[in-house]
> 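One structure is given below, represented as structure tokens, and several questions about it will come after.
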Amino acid sequence: WAWVPVYILYCRVSSFSQPGFRIYCYRELLHQVQMAKLYQDDKQFVDMPLSSTPDRVLQHFRELAARHNHSIPTPLLRAFIQERFQAAGRELQPWTPKDWKDSPRFLQKISDPKLRIWGEQLHQLWKKLGKKVKPEVLSHPEQFSLLYSEHPFVVSGGRFVEFYYWDSYWVMEGLLLSEMPETVKGMLQNFLDLVYGHVPNGARVYSLQRSQSPLLTLMMHSYVDNIETLALELDFWTEHRNVSVSSGGKSFILSHYSVPYGGPRPESYSKDGEVRHLGDQEALWAELKAGAESGWDFSSRWLVKGPNPNLLSSIRTSKLVPVDLNAFLCQAEELMSDFYSRPGYDLQATKYRNMREQLLAAMKAILWNEENGAWFDYDLENRRKNLEFYPSNLSPLWSGCFSDPGVVDKALKYLEDSQILTYQYGIPTSLQKTGQQWDFPNAWAPLQDLVIRGLAKCPSPHSQEVAFQLAQNWIRTNFEVYSRKSAMYEKYDISNGGQPGPFLSPEGFGWTSGVVLMLLDRYDDRLSSGTQTAFLVPQCLTTALLLSLLPRLPH
């Protein structure tokens, strides 16, 4: 019980009064249930609503624990959970977005008939992924781990029945293409309502103490009514996630991921508990949470130069300055300067313009590598760049955070030298095969977007052509899998013909669908479904295709 006080701190945001705190974050009940491994996925328990008040549940639990010397037999513990908790997910109800329409304009521009039908089917998925929080979460928040959201929203799917921070950026991009601005506006308001000085990782009480890649300002680019809340989030990163790095006799300020709270993550409690460390166990758990804050949970990016780079116990996320995090912040500062300049707040506009210039200089001095032609994560302990390949190495192209146009040609050569362009099913997350999901051979939709859109923004014809070829590869991978499985996936194994990763979402994985719709819109008249490739087409796709080819009958 030595780490109970630390664990209390871990789940606390501003006080001990946060609804659900004692159930979903406090160690004794959580520890017994998660370490008994009653569920295949630790997330299932911490998503289960209570059947009565936390006081009553805890009272009955203490009585049960006392009768069994704080080691409750598994059958009795299971019976206790069944009696005192409700099924996970019951606090949400299906919701069909009111602004959903049959045929958004961008779909009509897609030349390939198979891709157009596929795009229509992905557009249909938004209705299946729509969720609304039930009123009892507002009236009895202490009985739920879910944080109340006033407005309905679209989720990623699969095990993710609530919304997550950085996932929602690409979901919203897809929704805007589907001409659903009211849905996006509601989702943005939910995020603004959730700002606790930072945007939580997800809409659960156990996610409150960590954030994720800061994309709220980018989400709000078209909605500037809440500019002070956006400033509050950026203040969090500049005040609580900054580090000073020296180079050439100068000091530069950059940001890193760092969660100063101990204890295992409630939604991955048993897994985190099994990761052992010879040193400070609390520090290890804090590094795991920092990895979750990055969105890359987990990757060789955070294991590099550790005691054993192949083991998760070597994780050291907070010891690295990530390229993509600083690129996101750089773009956010540019947008904030633009937001403030519109209503005439010149002082604030100048403040963010100066912040961006300082960050640009820091990224060039600390993260840019002229010899390799890319930006690289900086290792604070070993005082060197991590020269391994990650798609995030090119994220400044995506965010427009560079001043020398010559870096574009250098970045293209970097991709060629790294042999990334030889992968025909997608851009690998890394070239390291560690067994972690954010490593080779997995490919993830948002990372494809970072590279493709980054190159497509550049004026060079060569960079734009490479961007198109990468987009074509990713579209064919997703389309062929969908044609066989009728599902979109969280990630794809590019070493095995682009086979889907382990998290299947029958309704369609949100950010994967969002990125596909973005690419279909950008390259509407050029993309091909790859009809020369043999694969089985599901009946629904075949029927829709045949109907689309029939002549239109007069009304």
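Values in this document were obtained by computation on a predicted structure and should not be read as measured data. Just so it is clear, the values below take in all heavy atoms, side chains as well, and ignore hydrogens, waters and symmetry mates.
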> For the residue pair Gln432 and Phe440, establish whether any side-chain heavy-atom pair is separated by less than 4.5 Å.
no
> Report the C-alpha separation of Gln358 and Asn354 in whole Å, then their side-chain angles, then the decisive distance to 0.1 Å, and conclude whether the side-chain hydrogen bond (donor to acceptor under 3.5 Å, both in side chains) test is met.
CA-CA 6 Å; Gln358 291 168 10; Asn354 291 340; over 6 Å; no
> Of the non-hydrogen atoms in Phe153 and Val161, which two are nearest, and what is the gap between them?
CE1-O, 4.2 Å
> Just by distance, do the side chain of Glu91 and the backbone of Val133 share a donor-acceptor pair under 3.5 Å?
no
> May I ask you to decide if His151's main-chain N or O and Ser149's side chain share a donor-acceptor pair within less than 3.5 Å?
no
> When you look at CD of Gln108, are more than 12 heavy atoms from neighbouring residues, nucleotides or ligands closer to it than 6.0 Å?
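Count over threshold, so yes.
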> Measure the shortest side-chain to side-chain distance between Val154 and Thr183 over non-hydrogen atoms and say whether it is less than 4.5 angstrom.
yes
> From Ile110 CD1 over to Leu519 CG, what is the distance, rounded to the nearest 0.5 angstrom?
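So the CD1 of Ile110 and the CG of Leu519 are separated by 10.5 Å.
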> So for atom NZ, which belongs to Lys433, do other residues, nucleotides or ligands contribute more than 12 heavy atoms lying within a distance under 6.0 Å?
no
> Judged by atom type as modelled, is there a donor-acceptor pair below 3.5 Å linking the side chain of Asn326 to the main-chain atoms of Pro322?
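Yes.
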> Between Lys364, Lys410, Lys385, which is the residue that forms a salt bridge (charged side-chain N to carboxylate O under 4.0 Å, His left out) with Glu370?
Lys410
> Do Trp511 and Trp166 make the cut of ring centroids closer than 6.0 angstrom?
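Between Trp166 and Trp511, which both carry aromatic rings, the centre distance is below 6.0 Å.
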> Do Thr429 and Asn442 pair up side chain to side chain, a donor and an acceptor below 3.5 Å, judged on atom types alone?
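No, Asn442 and Thr429 have no side-chain donor paired with an acceptor closer than 3.5 Å.
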> Can you sort out the partners of Lys43 under side chain to side chain donor-acceptor pair (under 3.5 Å), two or more places apart, ordered by chain and number?
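Asp47, Glu162.
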> Please report whether the ring centroid of Phe339 lies less than 6.0 Å from that of Tyr345.
no
> Start with the C-alpha distance between Leu415 and Leu394, add both sets of side-chain angles, then the distance that settles side chain to side chain contact (heavy atoms under 4.5 Å, CB included), and finish with yes or no.
CA-CA 9 Å; Leu415 284 175; Leu394 297 184; 3.7 Å; yes
> Between Tyr169 and Glu173, is any side-chain donor less than 3.5 angstrom from a side-chain acceptor?
yes
> If you take all heavy atoms of Pro200 and Leu194, which pair is closest and at what distance?
CD-O, 3.3 Å
> Treating Gln331 as the side-chain partner and Cys401 as the backbone partner, does any N or O pair qualify as donor plus acceptor under 3.5 Å?
no
> Taking the side chain as C-beta and beyond, is there a heavy-atom pair between Leu230 and Leu335 under 4.5 Å?
no
> Would you call Asp324 and Arg301 a salt bridge, using N to O less than 4.0 angstrom?
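So Asp324 pairs with Arg301 through a salt bridge.
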> Ring centres of His198 and Trp237 under 6.0 Å apart?
no
> I want to know whether Trp375 and Tyr414 have ring centres closer than 6.0 Å.
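No, the ring of Trp375 stays outside the 6.0 Å limit from the ring of Tyr414, centre to centre.
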> Of the non-hydrogen atoms in Asn393 and Glu388, which two are nearest, and what is the gap between them?
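Minimum heavy-atom separation between Asn393 and Glu388: ND2-O, 3.1 Å.
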> Please examine the side chains of Leu303 and Asn310, heavy atoms only from C-beta on, and report whether any two atoms are closer than 4.5 Å.
no
> How close do Ala292 and Arg210 get, counting heavy atoms only, and between which atoms?
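Heavy atoms only, the tightest pair is CB-NE, 3.7 Å.
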> Nearest 0.5 angstrom please: Ser299 OG to Tyr390 OH, how far?
5.0 Å
> Mark yes when over 12 heavy atoms from residues, nucleotides or ligands other than Lys134 sit less than 6.0 Å from its NZ; otherwise mark no.
yes
> I'd like to check Leu312 versus Leu288 (side-chain heavy atoms, cut-off strictly below 4.5 Å). Are they in contact?
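Heavy-atom side-chain distance check passes, below 4.5 Å.
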> Can you tell if the side chain of Leu254 reaches within under 4.5 Å of the side chain of Leu359, non-hydrogen atoms only?
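Leu254 vs Leu359: side chains touch.
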> Just by distance, with hydrogens left out, do Tyr257 and Ser213 show a side-chain donor and acceptor under 3.5 Å apart?
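Result is yes, a qualifying pair exists.
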> Any luck finding a side-chain donor-acceptor pair between Tyr492 and Thr512 under 3.5 Å?
no
> Can you tell me how far the CZ atom of Phe479 sits from the CD1 atom of Ile117, to the nearest 0.5 Å?
8.0 Å
> For the pair Leu421 and Gln469, evaluate side chain to side chain contact (heavy atoms under 4.5 Å, CB included) and give the outcome as yes or no after the intermediate values.
CA-CA 9 Å; Leu421 304 183; Gln469 291 300 331; over 6 Å; no
> So, the side chain of Gln124 versus the backbone of Leu122: is there a donor-acceptor pair under 3.5 Å, distance only?
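Between the backbone of Leu122 and the side chain of Gln124 there is no qualifying donor-acceptor contact (under 3.5 Å).
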> Counting only heavy atoms not in Arg105, do more than 12 sit closer than 6.0 Å to its CZ atom?
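Counting other residues, nucleotides and ligands, CZ of Arg105 stays at 12 neighbours or fewer.
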> Any ion pair linking Arg116 and Asp524 (charged N to carboxylate O, less than 4.0 Å)?
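Not counted as a salt bridge, because no side-chain N and carboxylate O are separated by less than 4.0 Å.
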> Would you find more than 12 non-hydrogen atoms of other residues, nucleotides or ligands less than 6.0 Å from Lys413 atom NZ?
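Not more than 12 within 6.0 Å, no.
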> Quick one: do Asp439 and Ser430 satisfy side-chain hydrogen bond (donor to acceptor under 3.5 Å, both in side chains)? Show the steps, please.
CA-CA 5 Å; Asp439 273 320; Ser430 80; 2.6 Å; yes
> Step by step, work out the side chain to side chain contact (heavy atoms under 4.5 Å, CB included) result for Ser483 and Trp118.
CA-CA 9 Å; Ser483 297; Trp118 181 41; over 6 Å; no
> What distance do Leu517 atom CG and Leu177 atom CG have between them, rounded to the nearest 0.5 Å?
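Between Leu517 CG and Leu177 CG, I get 6.5 Å after rounding to 0.5 Å.
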> Do Ser337 side-chain atoms and Glu334 backbone N/O form a donor-acceptor pair below 3.5 Å?
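Side chain of Ser337 to backbone of Glu334, a donor-acceptor pair under 3.5 Å: no, none is there.
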> Which heavy-atom pair separates Ser211 from Val199 by the least distance, and what is that distance?
OG-O, 2.7 Å
> Got a donor-acceptor contact below 3.5 angstrom from the Asp112 side chain to the Ser529 backbone?
yes
> Do Leu115 and Leu520 pass the side chain to side chain contact (heavy atoms under 4.5 Å, CB included) test, and can you show the C-alpha distance, the side-chain angles, and the key distance before you say yes or no?
CA-CA 8 Å; Leu115 293 182; Leu520 290 176; 4.1 Å; yes
> How far apart are the closest heavy atoms of Pro214 and Phe328, and which atoms are they?
O-CB, 4.1 Å
> Do any N or O atoms from the side chain of Glu333 and from the backbone of Tyr352 form a donor-acceptor pair under 3.5 angstrom?
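Checked: no pair found.
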> I'd like to know if Lys101 pairs up with Glu179 as an ion pair, taking the criterion as any Lys NZ or Arg NE/NH1/NH2 lying under 4.0 Å from an Asp or Glu carboxylate oxygen.
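Yes, charged N to carboxylate O under 4.0 Å.
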> If you round to the nearest 0.5 Å, how far is CD1 of Ile427 from CD of Gln448?
4.5 Å
> Given 3.5 Å as the limit, does a donor-acceptor pair link the side chain of Asn473 with the main chain of Gly426, or not?
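Such a contact is absent between Asn473 side chain and Gly426 backbone.
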> For Trp95 and Gln93, run side-chain hydrogen bond (donor to acceptor under 3.5 Å, both in side chains): C-alpha distance rounded to whole Å, both residues' side-chain angles, the deciding distance at 0.1 Å, then the answer.
CA-CA 6 Å; Trp95 169 75; Gln93 61 190 38; over 6 Å; no
> Less than 4.5 Å apart, any side-chain heavy atom of Met172 and any of Met187?
yes
> Within the distance-only criterion (no hydrogens, no angle test), does the side chain of Ser460 pair as donor or acceptor with the backbone N or O of Ser463 below 3.5 angstrom?
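Looks like yes, one N/O pair under 3.5 Å.
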> To the closest 0.5 Å, what do you measure between OG (Ser392) and CZ (Phe376)?
10.0 Å
> Do the side chains of Gln436 and Trp296 get nearer than 4.5 Å, heavy atoms only?
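Not in contact.
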